[in-house]
Amino acid sequence: MIIEGKKTVWSQYQKNIAGDHYFYIRSCIRQNLFPGSETAFMRIMQQELGKDIFEDANHTTCTGIGYHTDIVPIETTMTVVARLFALMTERGYENMITSCITSFGVLSEILETWKEFPETEARTRDFLKKATGREFKVPKDMAHASDIIYKFRKEIGEKGIRKLINAKTGEKLRVVEHIGCHYSKMFPQKGVGGAEFPYVLIGMIEDWGGEVVDYPERRHCCGFGFRQYFIKANRGFSIACSKKKFESMKPFKPDFIITNCPGCNYFLDRWQYVISEMEGKTYGEDQNGIPVLTYEEVAGLVLGYDPWDLGMQMHQVGVEPLLDKMGVEFDPAKKFLGKNGNSLGVPEKPNVLNFCC
Amino acid sequence: MNQDWGYGINKDRQIDFDRNDRRLAEYIRKYVPSYKLCISCGACTATCSTANLTDFYNIRRLNIFLMRGEIDEIAKHIDKCMFCGKCELVCPRGVNTRQVILIMKEGIKKIKQNEQL
Amino acid sequence: MNSFDIFVLPFAIGLYTLLIVFFAKVFDWIKHLPVGDRRKIGRGIRSRKLFGVVKEIFLESLIHRRIFKVNPLLGYMHMSLAFGWFLLIVLGAAESKIYGRDLLNTPWDPIFFKYFKHDTNEFHSAFFNFTMDFLLLFVLSGVFLAYLKRIYARLFGLKKTTKHIFFDRLAIISLWLIFPLRLLAESLTSGIYHNGGFLTDGLGSFLAGFMPVGHLEYTAWWLYSLSVGAFFVALPYSRYMHIPTEILLIAMRRFGIKTTTTFTNFSQIEVYSCPRCGICIDKCQMTSALGNEKPASVYFLNTIRAQKVKPGLSFDCMICGRCEQYCPVGISLMNHRLVQRNKLISNGYNFQFLKNGIPEKARIAYYAGCMTHLTPSIEKAMIKILEKAGTDFVFIDKDGGACCGRPMMLSGNFEGAEKLIEFNRNNILKSCADILVTSCAICYKVFKSNYDLPLKVLHHSEFILELVKSGKININKSGLRAVYHDPCELGRGSKVYEEPRELLSHALELVSTGYDRENALCCGGSLGNIMLGYEEKNKINAAVWKEMMVNDPEMLVTACPLCKKTFNKNAPVPVRDIAEIIADAVQISPVKPNHQLAPEQIAG
Amino acid sequence: MKKHVFIIGGGVAGAEAASQLVKMGFDVTLAEKETQIGGKLNQWDRLFPSKRKAAEVLDFINKNLVDSKARVLFNTEISKISKQNGGYKIYAGIEECTADAILISTGYDVFNARIKEEYGYGIYENVITSVDLEEMFRNGNKIFNSNKEEPKRIGFVHCVGSRDEKVGNHYCSQVCCVTAVKQAMEVKEILPRAEVYCFYMDLRMFGLQFEDLYRESQEKWGVNFIRGRVSEAAENIDGTILIKVEDTLAGRPLKMKVDLLVLMVGFVPSAGTTEIGKMLNLDLTPENFLKPADEHLDTSSTNLKGVFIAGTCKSPKTIADTFADARAATLKIKEFLEGSEK
């Protein structure tokens with residue numbers, strides 16, 4: 001690997017990311033799957049970085065899931081997204097950030113479509129006006145939440161209390177990054193680092209002291225792909241995609257996987273469990289599996305947040321071995337206790353995959 | 001472990017070239033030198049009596065599968081050959097297709113029985 | 001008469017060894033013959049067929065009639081050795097019987113008669129002395145020719161002689177020595193006792209003039225005995241096993257036993273009957289055109305006998321039948337090749353995709369065949385002729401169909417071929433035709449030999465000839481000079497030689513080649529040979545073209561689409577199928593096209 | 001007085017035209033930005049289809065040029081060209097010359113393989129271009145991968161930067177297919193045990209002996225051909241390259257590990273060609289090569305009177321075609337200059 005070559009590519013794909021005053025759009029599924037991550041993001045933005053970030057209680061889905069499963073027509077999607085822009089405009093914001101990669105993709109696609117076919121924008125304005133009486137301005141700056149963390153990665157690193165290293169040996173942690181397909185595969189110029197060698201997560205890992213390993217199936221989709229998962233008969237295809245990635249990264253012995261997409265994070269995590277149940281096969285050391293973390297969780301760990309506050313108990317692949325390795329102190333007894341101290345209930349023990357506590 | 005999930009892990013359609021068993025192709029390349037000359041023009045399949053009567057049989061593609069080591073694909077179809085030899089007559093590169101098929105049939109039998117080629 | 005000396009032992013041991021080994025083999029062969037074959041022997045022995053057996057044994061094993069047909073000199077050589085020796089044995093036995101004391105004299109009595117019996121002064125001894133010497137001379141002439149053949153094979157019409165294995169060499173060396181040594185021994189004895197005829201006594205007296213014949217005599221008889229003994233010991237392991245085995249073969253064949261799709265003990269007897277004369281080597285185009293002797297049948301049978309059959313040799317044969325045509329023993333060489341192929345290959349097949357359609361019904365079923373579909377001009381010509389003649393026909397494989405099964409059979413896959421035959425047979429029968437016509441010699445061969453059809457099967461040349469003869473079509477004759485190439489499957493395969501020639505003679509002038517009828521060459525396009533590459537086939541074809549052009553024809557006509565396609569590649573003159581010739585030469589017919597003829601009107 | 005022709009670019013076309021024009025009795029000045037004659041031909045080891053050494057051809061043009069005594073300016077780039085008295089004034093390096101006619105033979109550049117990001121040229125050590133491989137041949141036929149080991153399997157990717165609208169080159173570069181076949185055979189010559197795979201979309205063996213070369217590569221050298229454009233390359237842990245391609249003839253995707261991946265880079269107009277084109281405001285083809293006055297009837301003139309073009313600044317060409325084209329241009333120049341005398 002010639003790192004200089006990669007740097008050349010990275011330098012060719014740099015985008016403008018707004019520095020403050022963000023209007024935040026949450027992810028539909030992420031609030032259920034990894035709710036701690038978005039909370040952590042707000043906390044980092046507001047408390048650590050002191051940024052102005054606003055989320056509107058009235059905001060809705062972008063329709064991404066419906067759109068990509070061919071249930072919601074593009075006109076509807078455009079109108080719903082236009083409403084999100086209207087909420088932003090009404091609140092006096094110009095910079096929109098999304099928590100979800102697919103939202104980022106849908107919004108990018110719509111903005112690009114409006115640029116190429118202005119009549120579609122005019123029609124959307126008309127629809128929105130008729131339906132809700134609202135009007136909107138297109139965002140001045142549109143970014144994914146990971147772009148923002150990327151932008152402030154150095155600040156986070158400086159504020160952080162620990163690095164992505166093995167606390168005992170001092171070795172850098174080996175990290176595999178996985179970028180959601182909708183981040184830059186549609187519009188390479190809209191992603192940091194482009195489509196072939198995206199840099200957004202690599203930048204974070206490098207600045208926080210870890211080592212990124214590139215592996216042959218890095219570009220491959222996690223297998224979520226909306227249609228694949230939502231139809232049960234197609235799930236075999238979805239899981240095969242994830243498996244292909246695990247097989248490919250196996251020889252590189254990664255300590256964890258970092259993702260910036262709700263679906264990827266979920267499927268790379270849960271499919272490890274399903275593969276272990278179906279085939280008795282696990283990845284990572286000692287049947288522990290390879291933990292799959294969101295970039296907010298990683299940032300939170302760097303900043304010294306409590307893993308259970310970050311919602312890391314929601315992972316199917318246990319994070320405890322990784323936390324031990326990093327020297328993060330945590331109370332195993334509190335893993336499945338809610339904020340109010342009541343038990344959340346303890347999940348059933350998997351047959352093959354290790355389950356801590 | 002034996003739980004019914006309602007789905008399994010799909011088998012990859014991708015030809016995994018490095019894992020496939022390409023012994024038979026190597027064997028045929030050695031003993032039927034003309035085999036190397038195939039340019040996949042498909043004249044053989046176009047004239048093939050079997051190909052015209054079935055949906056799946058395709059001698060050109062079987063040749064490709066052979067080169068890639070997709071033995072199971074060949075095993076599924078090779079016995080459909082009627083050996084009439086039209087493919088050999090139309091081949092622009094003079095490939096001895098009947099010999100290739102004969103060796104393929106033998107080779108697959110041997111591979112399935114774990115015998116030496 | 002004292003008739004024992006220690007030197008008879010090599011002979012005696014040799015003879016007994018031979019007899020034990022041979023009869024043990026025969027016992028084993030007969031014991032493990034298929035039951036049906038054994039019954040045939042049982043019935044045959046008690047029938048008049050036995051006379052035929054004796055006649056054929058006399059003609060073939062002794063006189064070597066078939067070899068005479070190939071080359072008279074070669075025939076004479078074989079006859080002098082076989083028949084001459086036979087007579088020597090018969091007369092020698094008679095002679096020793098006359099002088100013998102007991103009813104059962106020892107087997108070496110006749111062999112070493114002269115050594116033990118010196119006073120042969122009776123009236124009949126003059127006859128015996130003369131005759132035995134004459135016969136010895138007769139045999140020696142054969143031995144002399146055998147020497148000559150090794151040096152100058154071309155004199156015998158042979159380009160190549162067989163390369164022999166160890167036991168063959170041992171046997172041939174001892175055989176070559178037997179008669180010169182007998183001459184020497186008898187001459188030396190006669191030099192002392194003057195008990196020989198014109199030859200031995202003459203030579204004996206001459207030798208006695210300057211040699212110590214008394215001292216040499218004993219040694220000569222020893223050597224003679226040794227050579228005969230060595231020959232007998234080597235015989236069962238050498239090609240000379242054919243001498244006793246062939247007798248068995250002739251008998252069994254006369255009793256109706258045939259080779260089948262499996263290798264039986266009768267096949268084994270055929271293998272042992274091969275004299276390795278090497279006639280097949282010259283007839284094989286793999287030798288003549290490609291310079292590759294290895295695939296010749298003689299060597300192939302060697303590998304069967306040695307149980308070392310390799311795929312290479314089995315599949316490297318065009319199954320053209322030229323070797324079989326000229327084999328003096330009449331071994332079913334093509335069948336042997338296919339049976340071995342059958343043993344070598346996996347015989348898999350999967351023809352579930354073949355679905356019987358419902359063909360139209362007609363009096364005549366026309367089956368073009370795969371190869372004809374690749375030569376549409378033949379197909380077109382046939383349709384034109386069929387329509388011109390106003391026949392009621394159905395084109396069974398108009399949209400392509402299943403292969404006839406012959407190529408599958410040639411590859412040795414009899415089971416697969418059987419399936420194809422079954423499928424096509426059903427289709428043909430469903431058409432309710434009375435006559436099946438095909439344009440492909442390959443299909444014709446299998447239709448005739450393996451389909452067992454309850455209807456008349458005609459090759460298109462036969463069929464068109466009948467149309468011409470019955471006046472259904474009239475053809476114009478031109479002055480074009482053409483050669484006719486006999487396709488292997490039609491000619492040697494199905495014995496159709498004259499019909500195409502007769503038909504062609506209505507349309508053009510036929511020119512002969514050195515390779516007509518039974519002697520026709522294979523075009524090289526053979527479906528039988530699976531080893532030959534495109535370039536080698538081309539090479540064979542180019543050699544055939546050379547022979548075809550000796551009398552300067554203006555065209556080559558053949559009756560098989562594969563031959564046509566093969567010849568087309570190197571063609572110095574146009575190549576056409578017999579059907580095309582007739583289609584072009586056909587006169588505007590007075591018969592109305594819609595008038596349908598009964599098949600008996602068309603085809604007698 | 002002798003008419004003066006100024007030639008820009010001393011590659012095969014420029015050098016050959018220079019010596020021919022001198023023979024015709026013209027004054028010739030040849031400007032070359034490098035220090036030697038021959039242009040891109042200097043990067044070649046052997047030429048298709050006969051595998052003759054490129055040096056032989058270079059010697060031929062060098063000798064002819066030296067014999068012709070044409071004036072050659074090395075290390076010289078053109079900064080400005082202006083019209084003057086029916087001719088042109090050329091500012092070449094530190095010199096200013098006048099010329100009655102200009103011949104542009106500024107040639108081609110190879111496609112920058114880095115643009116095709118998914119192949120990772122410049123990122124994966126074992127991904128090289130056909131030019132790099134040719135250099136290995138020139139440097140004594142040593143082929144190594146990044147671990148200094150002899151590669152066991154080598155892949156050739158055809159059409160890198162050709163027939164690819166995503167990188168802006170929709171045209172076929174003509175010579176890469178046959179070059180790939182030539183190089184594949186040379187690799188087999190050097191590494192007889194290596195497996196060689198060519199990944200192609202179509203094999204465009206347009207030259208008379210090119211098909212024979214293709215056949216030889218299969219028959220004698222056992223080079224394998226897989227129809228399909230490689231979609232991406234990635235690096236395995238051991239530094240080998242994993243490629244993904246659809247085996248379109250099998251109708252199935254395929255992945256394969258190679259020890260060395262060679263990208264057959266196509267032709268693009270050279271920087272010099274683009275620059276001179278802009279300087280003189282010459283018409284361009286849709287592919288941005290210099291456009292001849294007539295595609296069939298006058299392939300040497302341009303939209304500017306007295307400015308001629310030859311060689312690969314017009315389109316991708318073989319060496320043989322470049323020679324023919326250069327000679328054709330000289331005749332056109334002669335016709336122009338002698339016509340203007342009358």
Side-chain angles (χ1 to χ4, degrees), chain B residues 10-46 51 55-78 91-96 100 104, chain D residues 152-155 177 181 184-185 188 193-205 210-228 230-234 236-238 240-259 261:
Chain B
N10 284 14
K11 203 180 162 279
D12 208 333
R13 274 192 81 243
Q14 194 174 40
I15 298 171
D16 192 340
F17 194 79
D18 300 303
R19 278 207 193 153
N20 278 358
D21 182 352
R22 290 185 292 124
R23 281 178 302 158
L24 187 55
E26 290 308 317
Y27 183 82
I28 293 182
R29 282 168 81 96
K30 202 163 145 196
Y31 290 100
V32 193
S34 63
Y35 168 68
K36 290 189 283 192
L37 291 174
C38 174
I39 48 174
S40 280
C41 66
C44 45
T45 306
D55 293 340
F56 309 108
Y57 188 81
N58 181 325
I59 162 85
R60 173 191 63 75
R61 207 151 72 196
L62 287 184
N63 267 344
I64 294 271
F65 282 136
L66 176 61
M67 284 191 255
R68 309 291 178 256
E70 291 282 315
I71 297 298
D72 292 341
E73 286 286 339
I74 305 169
K76 260 190 265 173
H77 301 299
I78 192 70
C91 177
R93 282 283 186 94
V95 177
N96 192 348
V100 171
M104 268 199 224
Chain D
K152 290 187 199 71
R153 192 186 287 155
I154 297 165
C177 278
V181 168
M185 286 194 279
K188 285 291 281 186
R193 277 198 224 147
E195 285 180 80
V196 176
Y197 290 86
C198 287
F199 299 92
Y200 68 98
M201 299 200 291
D202 292 299
L203 278 176
R204 301 195 159 180
M205 295 293 157
F210 295 2
E211 184 70 18
D212 296 344
L213 222 57
Y214 171 37
R215 192 181 202 275
E216 185 192 330
S217 74
Q218 289 178 298
E219 191 173 33
K220 186 172 169 197
W221 301 102
V223 175
N224 302 282
F225 291 85
I226 297 182
R227 187 176 180 280
V230 171
S231 68
E232 62 181 86
N236 285 312
I237 193 159
D238 56 359
T240 55
I241 303 295
L242 182 80
I243 50 175
K244 290 190 187 177
V245 62
E246 187 196 344
D247 187 334
T248 59
L249 296 171
R252 295 256 303 270
L254 178 146
K255 68 172 176 186
M256 179 194 281
K257 190 177 93 170
V258 295
D259 299 303
L261 189 67

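- Note that NZ of K36(B) and CZ of R215(D) are 11.0 Å apart. Values are rounded to the nearest 0.5 Å.
- With contacts defined as side-chain heavy-atom distances shorter than 4.5 Å, the pair M67(B)/I226(D) does not qualify.
- Contacts of R153(D) with chain B are made by side-chain atoms alone, with heavy-atom separations under 4.5 Å and no backbone atom involved.
- Across all non-hydrogen atoms, the minimal contact from R93(B) to Q218(D) is NH1-OE1, 2.5 Å.
- Here the shortest heavy-atom pairing between R68(B) and L254(D) reads CD-CD1, 3.4 Å.
- Side-chain N or O atoms of K255(D) include none that pairs as donor or acceptor with a backbone N or O of D16(B) at under 3.5 Å.
- Of all the heavy atoms in G251(D) and R13(B), the pair that sits closest is O-NH2, 3.0 Å.
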Mind listing the side-chain donor-acceptor pairs of residues 197-204 of chain D below 3.5 Å, one per line with the distance, residues two or more places apart or on another chain?
from: Y197(D); atom 1: OH; to: R22(B); atom 2: NH1; distance (Å): 3.2
from: Y197(D); atom 1: OH; to: E195(D); atom 2: OE1; distance (Å): 2.6
from: D202(D); atom 1: OD2; to: R163(D); atom 2: NH1; distance (Å): 3.2
from: D202(D); atom 1: OD2; to: R163(D); atom 2: NH2; distance (Å): 2.9

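- At least one side-chain heavy atom of E73(B) sits less than 4.5 Å from a side-chain heavy atom of R252(D).
- Ranked by heavy-atom pairs shorter than 4.5 Å toward chain D, the options I64(B), L62(B), D18(B) are led by D18(B).
- For the pair D247(D)/F17(B), no side-chain contact is recorded, criterion being any heavy-atom separation below 4.5 Å from C-beta on.
- Heavy-atom minimum distance, L249(D) versus R60(B): O-NH1, 2.6 Å.
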